[in-house]
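Only one structure is covered here, and it is reproduced in the block below.
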Amino acid sequence: MLHLVIMAGGGGTRFWPASRRDRPKQFLALAGPRTLLQQAADRCRPWIPPEQMHVVTQAAHVPLVREQLPDVPASNILAEPCGRNTAPCIGLAALAVRRLDPDALMLVVPADHWIRPEAEFHATVERGVALLERHPEASVLLGIVPTRPATGYGYIQRGPAVAGNDASAFRVLSFREKPAREIAEGFVASGDYYWNAGIFLWRATGILNRLQDHQPALYDRLLQLDSTLGTEAAPRALAAIFPGMPSISIDHAVLEPLAARGDDRAAVFVVPAAFEWDDVGSWRALPGLLGADTAGNTVVGPHCGVGTTGCIVSTTPGHLVATIGCENLVVVHTPDSTLIAPRDDEEALRRLAALLIERGLERFL
């Protein structure tokens, strides 16, 4: 059976001040009436029942997950005592899934993505599932056909088409992280690269075997947790063992060395995806998701502007934001904080977060 694993442990700093430590962006309705977490589950509901859905999140956010996904069994919500990147997260989820279903396939998705149309997402996943049925030990990635030379995404380089798969899947040759613009332009022009969306398919036993092969220290710690999952001892065991795991992504931990080795048995494949995709990484994503008015402004909440162009404005329903002569700004109002920033300087938000801590204003994060 196919199980869904939603990774919901991120902090969403670049969506401050709407995104906070106690309610990061995956729990916000940024791209429609449903939150990003709810949308991640909703797009799989027609074919994956709630009892086969799992969410990995920070321990402090478990109540939010239960509130937003009440039909997902409480035992399927896995609480990380701290963030340790995606390899420990996925390993923990694989243990939980394997205990329920030793033959399970896992669809692993981030909680904070926007995908349309959902029917094409489903069709792409099914192509990946069919590939796994023919190659049980493989790892399958969904690759997004790039629409621009983005420098903030990782890229997957495809190799030869998988035999007998009608050119709908390819061997992965390499991974490239956040290239310079001129390199990204070459990637897009070549037609041989996809954006790495961080959406994966594999067997639960298969990814655990790969972790054992390539990350034995991490795997040993996972084994120490295995017998406690689903029991009252789990929180104590997680608190004692999980923080000691290496903080490493599943790409660096497993996928990159596998692709470099070219193992035919435990191959890494990429299935090209035709659906529209956005990682909803910052306020700059909203125009693409929500559209813009004739002045190029994307507005959520009451706003009145004079000579205002190319701005992103977000405010609470009862609070008007008025702007005069503003160009290419992000203006965000929340009940206790207001942000006014250049639209294109995403990295400044990280610097601002550090400055708030330095000045004793951490309570606003």
Side-chain angles (χ1 to χ4, degrees), residues 2 4-5 7 43-44 86-87 90 94 105-110 113-115 117 120-179 183-204 206-207 209-211 213-214 249-279:
L2 182 63
L4 173 67
V5 173
M7 299 183 291
R43 70 178 60 103
C44 298
T86 55
I90 289 169
L105 305 182
M106 292 171 59
L107 168 62
V108 181
V109 303
H113 288 184
W114 179 90
I115 290 173
E120 182 57 37
F121 173 74
H122 184 185
T124 307
V125 171
E126 287 303 313
R127 290 197 292 273
V129 169
L131 192 58
L132 272 179
E133 289 173 350
R134 294 193 296 274
H135 303 271
E137 293 297 315
S139 300
V140 178
L141 291 72
L142 303 195
I144 309 299
V145 178
T147 57
R148 64 186 189 280
T151 58
Y153 296 152
Y155 286 74
I156 302 166
Q157 182 187 16
R158 77 181 190 189
V162 178
N165 211 53
D166 194 28
S168 61
F170 302 86
R171 291 289 293 260
V172 171
L173 289 184
S174 69
F175 294 83
R176 297 292 296 271
E177 267 302 309
K178 299 180 180 179
I183 295 175
E185 289 172 348
F187 288 172
V188 175
S190 75
D192 290 334
Y193 289 81
Y194 303 100
W195 287 337
N196 186 355
I199 302 174
F200 312 108
L201 280 158
W202 40 51
R203 296 185 183 276
I207 191 60
N209 288 340
R210 303 293 84 75
L211 286 168
D213 293 341
H214 295 277
S249 71
I250 197 68
D251 303 72
H252 292 327
V254 170
L255 298 176
E256 291 178 8
L258 276 178
R261 192 171 68 183
D263 189 330
D264 287 335
R265 184 181 66 88
V268 183
F269 298 127
V270 59
V271 175
F275 51 77
E276 296 179 71
W277 170 88
D278 197 291
D279 70 342

Would you indicate whether the side-chain heavy atoms of [Y] and [X] approach each other to under 4.5 Å?
X: Val268; Y: Val254; result: no
X: His135; Y: Val162; result: yes
X: Ile115; Y: Ile199; result: yes
X: Leu173; Y: Arg158; result: no
X: His214; Y: Arg261; result: yes
X: Val140; Y: Trp202; result: no

Using the rule side-chain contact (heavy atoms from CB on, under 4.5 Å), only one of Thr124, Leu107, Leu105, Val271 pairs with Val129; which is it? Leu105
Only one of Leu141, Val172, Val270, Ile144 passes side-chain contact (heavy atoms from CB on, under 4.5 Å) with Tyr194; say which it is. Val270
Got a second to check how far [X]'s [atom1] is from [Y]'s [atom2], nearest 0.5 Å?
X: Phe275; Y: Glu120; atom1: CZ; atom2: CD; answer: 7.5 Å
X: Glu276; Y: Phe121; atom1: CD; atom2: CZ; answer: 14.5 Å
X: Tyr155; Y: Ile183; atom1: OH; atom2: CD1; answer: 10.5 Å
X: Leu131; Y: Ser168; atom1: CG; atom2: OG; answer: 7.5 Å
X: Leu201; Y: Ser139; atom1: CG; atom2: OG; answer: 9.5 Å

Specify the closest pair of heavy atoms between [X] and [Y], including all atoms of both residues, with the distance to one decimal.
X: Arg148; Y: Trp195; answer: O-CZ2, 3.3 Å
X: Ala197; Y: Pro110; answer: O-CG, 3.9 Å
X: Ile207; Y: Ala94; answer: CG2-CB, 3.7 Å
X: Asn209; Y: Glu137; answer: ND2-OE1, 4.0 Å
X: Pro257; Y: Asp251; answer: CD-O, 4.0 Å
X: Pro272; Y: Arg127; answer: O-NH2, 3.4 Å

Applying side-chain contact (heavy atoms from CB on, under 4.5 Å), can you list everything that pairs with Asp279, at least two apart in sequence or on another chain? His113, Tyr153, Trp277
For Thr86, does its backbone N or O pair with a side-chain atom of Ser249 as donor and acceptor, under 3.5 Å? no
One pair to check against side chain to side chain donor-acceptor pair (under 3.5 Å): Tyr193 and Arg176. What are the steps and the verdict? CA-CA 9 Å; Tyr193 289 81; Arg176 297 292 296 271; 4.7 Å; no
